[in-house]
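First the structure, in the form of structure tokens, and then the observations on it.
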Amino acid sequence: MRVRFAPSPTGYLHLGSARAALFNWLAARHMGGSFLLRIEDTDLDRSKPELIEVIYQGLTWLGLDWDEEPVLQSSRNAEHQIAVDALLESGAAYWSSPIAEGDRAQFANKAYDPADRDRQLGPGEGRAVRFRVPENGTTSWNDLIRGEISVEHANIEDFVIRRANGSPTFFLANASDDAFMGITHVIRGEDLINVTPKYLLLREAMQIPGALPQFAHMPLIVNEQRKKLSKRRDDVSLMDYKDRGFLPEAMVNYLSTLGWGPTDGQEVRLDPLSLTDGFPTMFDIAQVSSSPAFFDTKKLLFVNGEHLRALTLEEFADRSAPFIAAAPWFDRFESDPENAQRLLQILPEVQTRVETLSEVPGYVDFLFLDDPEIDEAAWNKAMGPDAAVWLSACIDGIAEWEWSSPQLHESFMALAEQMGANRRKFQAPVRVAITGRSVGPPLFESMQILGRVEVLRRLQATLDRVQLTA
RNA sequence: GCCCCCAUCGUCCAGCGGCCUAGGACGCCUGCCUUUCACGCAGGUAACACGGGUUCGAAUCCCGUUGGGGGUACCA
């Protein structure tokens with residue numbers, strides 16, 4: 001088995017493309033075949049290396065390794081021209097003049113004049129080469145995912161294989177390059193179903209020895225409106241998910257379950273080997289679903305959270321590092337060498353609370369800011385009528401208590417009881433005073449890490465403000 | 001319009017003629033745990049689009065209807 005992923009360098013790697021790459025990779029690894037890359041850069045006048053690099057980066061991030069040197073479609077231009085000439089020579093293709101948009105009504109709304117087929121035109125201004133689709137008959141194939149698909153030739157227009165500017169079109173380059181690369185299975189999106197008859201017709205006319213590839217058209221990934229993911233409305237760039245704090249293993253894991261399900265029913269795979277070896281072992285392209293799948297960010301979030309929690313503390317810290325480095329308070333964070341240790345202490349508490357790495361800074365910022373950022377809604381809710389009394393009792397206590405989170409916990413609860421306060425309500429003003437928010441990591445661990453002096457300072461500042469506004 | 005594809009809980013996947021009073025996961029809801037929020041644990045909610053066949057028997061096969069999607073470029 002030789003499969004290929006054939007993206008065009010557009011500047012970003014589309015989520016749908018990433019999924020296509022993944023399924024090709026899974027199929028190849030399952031069969032012990034080769035997963036190849038071809039960069040379809042024919043349409044771009046200038047080949048930008050950095051745009052191609054983006055594709056490599058995306059695949060590398062996901063851990064999809066490819067075999068053999070990638071083929072640049074632009075490097076095969078000479079072969080494409082030879083193929084076009086041969087088709088012209090054999091009469092399978094012909095030169096054709098364009099029909100202006102306004103005049104198409106006279107030609108059954110076609111962009112070309114079918115009569116050009118017999119005009120024996122040569123090259124000329126604006127003329128393209130079109131493929132002569134047989135008038136009768138049907139082209140069909142047995143799709144690995146969908147079964148028999150057939151299209152009558154009468155429904156296929158004479159498509160362009162060489163543009164007026166001399167460049168080969170997708171149809172020709174795609175068919176020619178697959179033959180050149182020895183591709184045995186074409187696994188691609190459902191949106192390409194209707195070009196398959198053209199591909200087949202072309203391959204037949206080109207008379208390339210060897211078997212035609214088998215086709216498998218995967219279902220599309222759709223948005224909430226059940227439409228193909230679009231650049232305008234949807235988050236389609238794979239690497240944006242990286243920036244938003246998603247783990248590549250979570251992306252691979254989730255994407256694998258869109259249109260396919262592991263045979264043992266276990267969707268979430270936290271063991272890395274289970275993902276890189278287990279999934280390929282179970283994968284079968286023929287088992288892929290034929291109906292579109294909704295890209296459910298909520299489920300992705302869940303899967304990401306699971307993978308995040310499965311990380312060791314060291315790994316979690318490593319993966320969080322870029323997000324910490326991007327925080328506005330990073331300069332301050334770096335200025336105190338002890339902060340790295342403080343971060344490491346709070347991180348285990350953060351790990352069970354976040355679904356993406358980008359949420360990490362928001363959980364720890366209070367440790368590294370001069371003053372916590374106060375959430376006014378949380379403040380208003382927490383600072384009830386008893387807040388001042390409670391805060392001042394806490395200040396008295398905290399000045400004395402043994403400085404360890406279990407001890408703080410115990411002393412704090414004893415104090416709450418002593419004051420006849422509800423435990424939940426009693427901790428609220430203190431939490432807001434220290435972290436600025438009503439939700440966050442456990443209070444006593446946070447206090448312990450922050451230190452007695454700073455905790456007292458924040459409590460006093462809060463008490464002052466409460467009394468001032470009272 | 002024409003061509004092609006698709007149709008099981010809100011969502012993803014399982015089901016490949018009897019094991020289906022349809023299973024798992026996400027979501028949502030309830031409870032437990034609990035200093036908040038989470039995590040974890042225990043429950044609950046919810047689907048075979050419709051109509052005809054075929055068959056002793058259909059979510060599973062066939063036909064039609066309806067609905068959705070993709071394509072219809074000298075984009076890929």
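Proteins come first, then strands; the chains are lettered A, B, ... in the order of their sequence lines, and each starts at number 1.
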**OP:** Report yes or no: is there a donor-acceptor pair, N or O only, under 3.5 Å between the side chain of R437(A) and the base of U36(B)?
**Re:** no
Original post:
I193(A) has a side chain; which of A38(B), C4(B), A76(B) sits nearest to it?
Top reply: C4(B)
Original post:
Would you say G71(B) has OP1 or OP2 under 4.0 Å from some side-chain N or O of K228(A)?
Top reply: yes
Subject >> Candidates C39(B), C74(B), A76(B) - which lies nearest the side chain of T352(A) >> reply: C39(B)
**OP:** When you get a sec, tell me which of C16(B), U35(B), C4(B) is the closest nucleotide to the side chain of L443(A)?
**Re:** U35(B)
**OP:** Tell me what F294(A) touches on the nucleic acid: a base, only sugar-phosphate, or nothing, going by heavy atoms under 4.0 Å.
**Re:** sugar-phosphate
**OP:** Looking only at non-hydrogen atoms, find the nearest pair between M181(A) and L37(A) and report the distance.
**Re:** CE-O, 3.7 Å
Subject >> Spacing of the P atoms in C56(B) and C48(B) (rounded, Å) >> reply: 27 Å
Subject >> Ring-face cation contact, F23(A) with R19(A), 6.0 Å cut, 45° max >> reply: yes
**OP:** When you get a sec, tell me which of A76(B), C13(B), U34(B) is the closest nucleotide to the side chain of T169(A)?
**Re:** A76(B)
Original post:
Given G69(B), is OP1 or OP2 found less than 4.0 Å from the side-chain N or O atoms of K227(A)?
Top reply: yes
Original post:
Does a donor on one side chain and an acceptor on the other come within less than 3.5 Å for S167(A) and R163(A)?
Top reply: yes
**OP:** Using the C1' atom as the reference point in each nucleotide, state the distance between U8(B) and C13(B) in Å, no decimals.
**Re:** 11 Å
Original post:
Once you round to the nearest 0.5 Å, how far does OG of S274(A) lie from CD of E249(A)?
Top reply: 12.5 Å
Original post:
Under 4.0 Å between a side-chain N or O of R226(A) and OP1 or OP2 of A7(B)?
Top reply: no
Subject >> Residue matched to G10(B) through Watson-Crick or wobble contacts both under 3.5 angstrom >> reply: C26(B)
**OP:** Determine the Euclidean distance between corresponding C1' atoms of A47(B) and A42(B); express it in Å to zero decimal places.
**Re:** 25 Å
